[in-house]
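Structure provided below as structure tokens; questions to follow.
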Amino acid sequence: MKLISAIIKPFKLDDVREAISDVGIEGLTVSEVRGFGRQKGHTELYRGAEYQVDFLPKVKLEIAVKAEDAERVIEAISKSAHTGKIGDGKIFVYDLESAVRIRTGEIDTAAL
Amino acid sequence: MKLISAIIKPFKLDDVREAISDVGIEGLTVSEVRGFGRQKGHTELYRGAEYQVDFLPKVKLEIAVKAEDAERVIEAISKSAHTGKIGDGKIFVYDLESAVRIRTGEIDTAAL
Amino acid sequence: MKLISAIIKPFKLDDVREAISDVGIEGLTVSEVRGFGRQKGHTELYRGAEYQVDFLPKVKLEIAVKAEDAERVIEAISKSAHTGKIGDGKIFVYDLESAVRIRTGEIDTAAL
Amino acid sequence: MEELTALTGTVTELRFALDTFYFLMSGALVMWMAAGFAMLEAGLVRSKNTTEILTKNICLYSIACIMFLLVGYNIMYVDNVEGGIIPSLGALIGTQAEGADHSLESDFFFQVVFVATAMSIVSGAVAERMKLWSFLIFTVVLTAVIYPVEGYWTWGGGFLSEAGFSDFAGSGIVHMAGASAALAGVLLLGARKGKYGKDGEVFPIPGSNMPLATLGTFILWMGWFGFNGGSQLLLSDAENATAVGQIFLNTNAAAASGAVAALLLNKVIWGKADLTMILNGALAGLVAITADPLSPSPIFASLIGAVGGVLVVFAITTLDKIKIDDPVGAISVHGVVGFYALMVVPFSNADATFGAQLYGAFVIFAWVFAASFVVWMILKKTVGIRVSDEEEYEGVDKSDCGVEAYPEFVTLK
Amino acid sequence: MEELTALTGTVTELRFALDTFYFLMSGALVMWMAAGFAMLEAGLVRSKNTTEILTKNICLYSIACIMFLLVGYNIMYVDNVEGGIIPSLGALIGTQAEGADHSLESDFFFQVVFVATAMSIVSGAVAERMKLWSFLIFTVVLTAVIYPVEGYWTWGGGFLSEAGFSDFAGSGIVHMAGASAALAGVLLLGARKGKYGKDGEVFPIPGSNMPLATLGTFILWMGWFGFNGGSQLLLSDAENATAVGQIFLNTNAAAASGAVAALLLNKVIWGKADLTMILNGALAGLVAITADPLSPSPIFASLIGAVGGVLVVFAITTLDKIKIDDPVGAISVHGVVGFYALMVVPFSNADATFGAQLYGAFVIFAWVFAASFVVWMILKKTVGIRVSDEEEYEGVDKSDCGVEAYPEFVTLK
Amino acid sequence: MEELTALTGTVTELRFALDTFYFLMSGALVMWMAAGFAMLEAGLVRSKNTTEILTKNICLYSIACIMFLLVGYNIMYVDNVEGGIIPSLGALIGTQAEGADHSLESDFFFQVVFVATAMSIVSGAVAERMKLWSFLIFTVVLTAVIYPVEGYWTWGGGFLSEAGFSDFAGSGIVHMAGASAALAGVLLLGARKGKYGKDGEVFPIPGSNMPLATLGTFILWMGWFGFNGGSQLLLSDAENATAVGQIFLNTNAAAASGAVAALLLNKVIWGKADLTMILNGALAGLVAITADPLSPSPIFASLIGAVGGVLVVFAITTLDKIKIDDPVGAISVHGVVGFYALMVVPFSNADATFGAQLYGAFVIFAWVFAASFVVWMILKKTVGIRVSDEEEYEGVDKSDCGVEAYPEFVTLK
Ligand SMILES: Nc1ncnc2c1ncn2[C@@H]1O[C@H](COP(=O)(O)OP(=O)(O)O)[C@@H](O)[C@H]1O
Ligand SMILES: Nc1ncnc2c1ncn2[C@@H]1O[C@H](COP(=O)(O)OP(=O)(O)O)[C@@H](O)[C@H]1O
Ligand SMILES: Nc1ncnc2c1ncn2[C@@H]1O[C@H](COP(=O)(O)OP(=O)(O)O)[C@@H](O)[C@H]1O
């Protein structure tokens, strides 16, 4: 099994979710994160002093998938999260050793 | 070493923490996440239009443990987070290559 | 490639970011987490009843790096996040199988 | 001579106008207290129950206005027997009396906002677990019948007023009455899940928004100038104007002392300044002076308020010990301190006696508690008064209102 | 005799003083409505657009005060022809008339806050997507010219007042006028991104802060006592004082009934108590009674308010169906219900006729809508009225103000 | 004849009643400013220091009320020598004078809320790093002694009033005085950690809640009608009533112009509309007109306010450059603009001279700054005035109050 972790632009979340579900994956976990990268933050102004807000709000998706599905999911994310502008984000893939579905006790691919 | 990542129902957090500490693990890191899975969100109503709030608030636990402890911790989580109702969540296990305790510089199992 | 995940004290974030960028790494992803460990939370008081707030606000950094950079980055974090007081946090290292830069489709080390 | 008569008429009308205006301004300030209760309670509950408590507050005010117009005012004030127990029944507000000091409509407006205050007290105590609709049905009964009946007994000229019971602006009639209804509800409702441990531990459930709670307290403090100041009922001559000034001064002094007393007590006992206790202290000071804001000297008023501020801190912790769960401290502030306020009147007001005060307090409590208990019980047996465990866990905003209070903010669950 | 003359003078001055004071207090309450609109709108937009809507609100109030002082008041009230259409032009507020009932300055103060109210209505409807600076330029024109001109037609003694058009406190002149300007803006502006789906779905965009929205409503409710109560213009004799009391009572009753009607309707249709609809219901009740808060009996006033509360719920859902995107419901509350308010006057006020009401409503709408449309259009063609897609996505707080409303809080984007 | 005498008596009492009522309403509005300061400051500090600033605000108001009752009012107003420097000492408020225009109690009530205003100014400037208890001890001294002494010099008939110093409603006596005390505190306290870089950079620390800050400003704006309007002290004849109307109009115009001036200046310099600057601009307009809200024409009042709005923007950025860290801009708004307000009086008020104004400003500043400096210094040497670095980092809410302001919300630390 693989764990795909994708950092994307927040407003792409719905598109990505749809794309993933189109390739047959229903489960995922999302968190609000802040990204630092080539894309720079913006300058804010407060009481006459400018300051740099470096971080950018991003959304992180974690999706556990069967090894054989990984390729398709990565592709689906790549396409649906793509805008071509800097800051589109990254997809990282790790090896997932095991998985448990708490409700049923099913394990590994059955748990996904 | 293993990294156990568990996605559970928020109101189970205290129970799970207790169960884990009962098997001798004291350290863990928690984050607020949103889950999408078989369990569906709820419908909200706003000014006469209904809409689906898909995501469900979940809590993600990350626990680094010695390889030999992994089994016991997984079991402790499985039991304490269990309600039997859909949406109980998942436990994922990864291989953890190395660990450092920043305060002391201790590494690997000594750092946990 | 390696994925370095560091849990640090929030007020050290700026220092750590600087230290990492000094060793040539520009990208990272940050999230707000809560830590439980040896460092205990604090007692709060509300309407005459004391209660223990166990969790401590921490910040989690995730940094994907080339395998050969890992050592240097870990050291940079160790140093810059260090206060010597309990609760300084942990650094965890995983193996990262692959990476994709969504904007360009570049993969693996080129994507970092 | 004719001119003099005309001028006398003009002056009489002018006094009527000023007294009416004074009533209307006071009433507007008391109306504003509805916002105060709404903000205070919204700040002291968890974010998942905030929309519902706001809904309850705006709806209870609205229902109180409607029911008091339809029957409540009539029950309380119109065509009643002097010194009686059972009021006459009827609808609407009657007709303007000849030679009245102010317009009937301004009187109604000033009175109606008091009913809403009494009901606002209830909403805080039963927050975070009571069904919206059962609460609203109870609101109908309290504002149409329960409150007007006991209001008649004193302010409407009923048997309590004849017995010498003295409650200037309603520490008992409004505040303790509201708290009595609340207590009956809380007893039947039980504590919030997770509030008390198996071994008697008290687990605090902090309110979600301190600025709102503070704003609510300031609003109430401001509105109370109308509440107490308007209760003099007349302003247009030197004696009455002076009295109203005295009332403003005493009301303010009592609130300030209540806050400071709670602050100091907190510092002594716990070493910290728990803001919510200080807010309750200020409100306790206000309730404490409400039974007689006119007779005490400013210094004595300050003392009365300070004792109120001390009392409320102990009341809150004591109620927690006996597992009476009141998220905002309403029973302590309005009930315990309301009772104390009644009992302290004879110290500065020679017309009041401890016996009459005790008698009045007992009668009001007995009636409101018993009547409320019956209504809550009927509701419990029929539609139910408590939300399901799951709804309580998820927050009543979702189940009752469908709208979250802060939908965009990430919260700790 | 001399003494009598002196005393008569004193009494006359005293009346003047009381009526002036009554105006000033009423004006202060209406000024307070500016805060109410600001909070209501800040609560009903998303957090990323909150600083900007606050900025718009405080600036529009300020601009309204300046423009109305410079030319608006003059256009509306000074040196105009009775029954005319085109007002005389001039600057500043003129001079105190001999034998006036109250001071000119207090009159100006009471009037100026009304202009701000009209403009506040606009800001809510165009929220979350209109450029700050275009909005402010429009504010200049509306408060300097568009509103004063139509204000002159009725309240300044122009042709509508001669035609028998009756609008006591401004359901049409203030509220429907504001909504007409808003409608013109919204039509040229279009809906917020993501509000309507390709297949006609309506995607709700929940407001970010319900306590603020509720607070705003309570503030408006309170301020409305000044808005309607002050519109009697005189207080200092028995008849007028009684009238003002009646107005307070009716205003309160209509608001309460509007809220309860919206609550019940929501329960019946959707099974839940949508707080934002209840808030809009209360405001609808207030708008509904504003065209004539004096003539109806309290019961009839309640009915008027209740129908307003029902109407607003249907108006909001209907506007959504035809894709008119109004984040706070301003067009429904002030426009639809404002029109209804005008049309219901003849039922209780014998001096009003349906014909004249329809005529007045039509004239006001036509003028304000057309004039606003032209101004918005010019702005659109020149500086533009809508922010870029990216700015809209990022939130206008960043692009227009540079300051986020809640910079420390983690929000769902 | 007897009837005439009786009627004259009635009318005299009626005037007394109206003037008392006017005082009480004005006082209630000024009391409301305490909530305004609390909300403004709560919005402009970080969330981790919000509970503590709320605690400070409600406690300082309360302490001010107690201390001014006990000794402050006596020092300021009772049994003093005309034209003197050292006031007589004594306790409580004295006795009602024969033939006074309004009740003594209403006078006290109106005066006491001014003291609280002065102290509220301090709390904002020293926010986010000063120990709660040291602050409260300072509050006792300022409200019991420092303020009453300088108050006596002008309003109590002391040597400054004799010297022709003119400060109608307290731009100097209240606002600049508060700012002087604040400045002394800030100098001894130092800047917040992380506010200034080693190389002189200014790192902004944005406030956590813009709607609260805006609400606070609107509350202050509203309350200022009582602050300035009530300072006419009399209302009940045509001249005074007209004056009060003029004051309302000018106060409103100055605030509006201050806001718009700050807006335009921000646009020109930085291209954005920084809401917090606009709020400060409105407040600067209010402070600017407070030294004389009666003499200027509305247009001139607008100018005065506009210059105030410009001044405050430069003052804020300048203070930052010299590393005087004032989280809410209190020293700029109340100090810098307060001084300017005093100096602008002679332009419209022929009775004032630049010499006397400068003299008065100097005396007030010197006294309040020096006396405060001494008190702050003693506190610093004994109990300490600044929290530890760790407490400052963690937020003073935890260390001082034990209660977080928004415990459920996830924030960026
Ligand atoms: N080495 C990295 N490790 C972890 N996260 C990264 C890394 N580099 C970038 N990111 C994440 O990806 C986001 C986008 O990266 P960025 O360099 O801004 O643009 P792009 O991906 O288009 O080159 C960043 O905001 C950050 O969250
Ligand atoms: N494939 C997956 N990858 C990552 N997280 C998942 C995955 N499937 C489910 N989850 C997480 O687990 C939670 C529970 O899953 P769900 O399918 O709703 O119920 P259950 O675990 O009872 O079958 C989801 O809300 C989501 O956070
Ligand atoms: N086994 C673990 N797995 C995951 N996170 C941990 C673990 N142990 C500690 N942490 C994280 O590291 C933080 C610091 O750990 P703690 O034991 O308090 O101090 P120290 O690292 O100085 O020994 C914790 O707050 C928690 O977030």
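Just so we're clear, the structure is a prediction, and the values are computed from it rather than from any experiment. Chain A is the first sequence line, chain B the second, and so forth, proteins listed ahead of strands; every chain is numbered from 1.
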Pairs of donor and acceptor atoms, chain C with chain A, under 3.5 Å:
residue: R17(C); atom: NH1; partner: D54(A); partner atom: OD2; Å: 3.2
residue: L28(C); atom: N; partner: F36(A); partner atom: O; Å: 2.9
residue: L28(C); atom: O; partner: F36(A); partner atom: N; Å: 2.8
residue: V30(C); atom: N; partner: R34(A); partner atom: O; Å: 2.7
residue: V30(C); atom: O; partner: R34(A); partner atom: N; Å: 2.7
residue: E32(C); atom: OE1; partner: R34(A); partner atom: NH2; Å: 3.4
residue: E32(C); atom: OE2; partner: R34(A); partner atom: NE; Å: 2.8
residue: E32(C); atom: OE2; partner: R34(A); partner atom: NH2; Å: 2.5
residue: E62(C); atom: OE1; partner: K60(A); partner atom: NZ; Å: 2.7
residue: E62(C); atom: OE2; partner: K60(A); partner atom: NZ; Å: 3.0
residue: E97(C); atom: N; partner: V93(A); partner atom: O; Å: 2.8
residue: E97(C); atom: OE1; partner: K2(A); partner atom: NZ; Å: 2.8
residue: E97(C); atom: OE2; partner: K2(A); partner atom: NZ; Å: 2.7
residue: S98(C); atom: N; partner: V93(A); partner atom: O; Å: 3.4
residue: S98(C); atom: O; partner: V93(A); partner atom: N; Å: 2.9
residue: V100(C); atom: N; partner: I91(A); partner atom: O; Å: 2.8
residue: V100(C); atom: O; partner: I91(A); partner atom: N; Å: 2.8
residue: I102(C); atom: N; partner: G89(A); partner atom: O; Å: 2.9
residue: R103(C); atom: O; partner: H82(A); partner atom: NE2; Å: 2.9
residue: A111(C); atom: O; partner: K90(A); partner atom: NZ; Å: 3.1

I would like to know whether F36(A) and I25(C) meet side chain to side chain contact (heavy atoms under 4.5 Å, CB included); could you show each step before the answer?
CA-CA 10 Å; F36(A) 299 82; I25(C) 307 292; over 6 Å; no
Minimal non-hydrogen separation, I7(A) against I102(C), with atom names
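Looks like O-CD1, 4.0 Å.
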Top contributor to chain A contacts, counting heavy-atom pairs under 4.5 Å, from G105(C), A99(C), A64(C):
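Ranked by contacts with chain A, first place is A99(C).
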In terms of heavy-atom proximity below 4.5 Å to chain A, should I107(C) be classed as side chain, backbone, both, or neither?
neither
Which bit of I74(A) is near chain C, if near means a heavy-atom gap under 4.5 Å: side chain, backbone, both or neither?
side chain
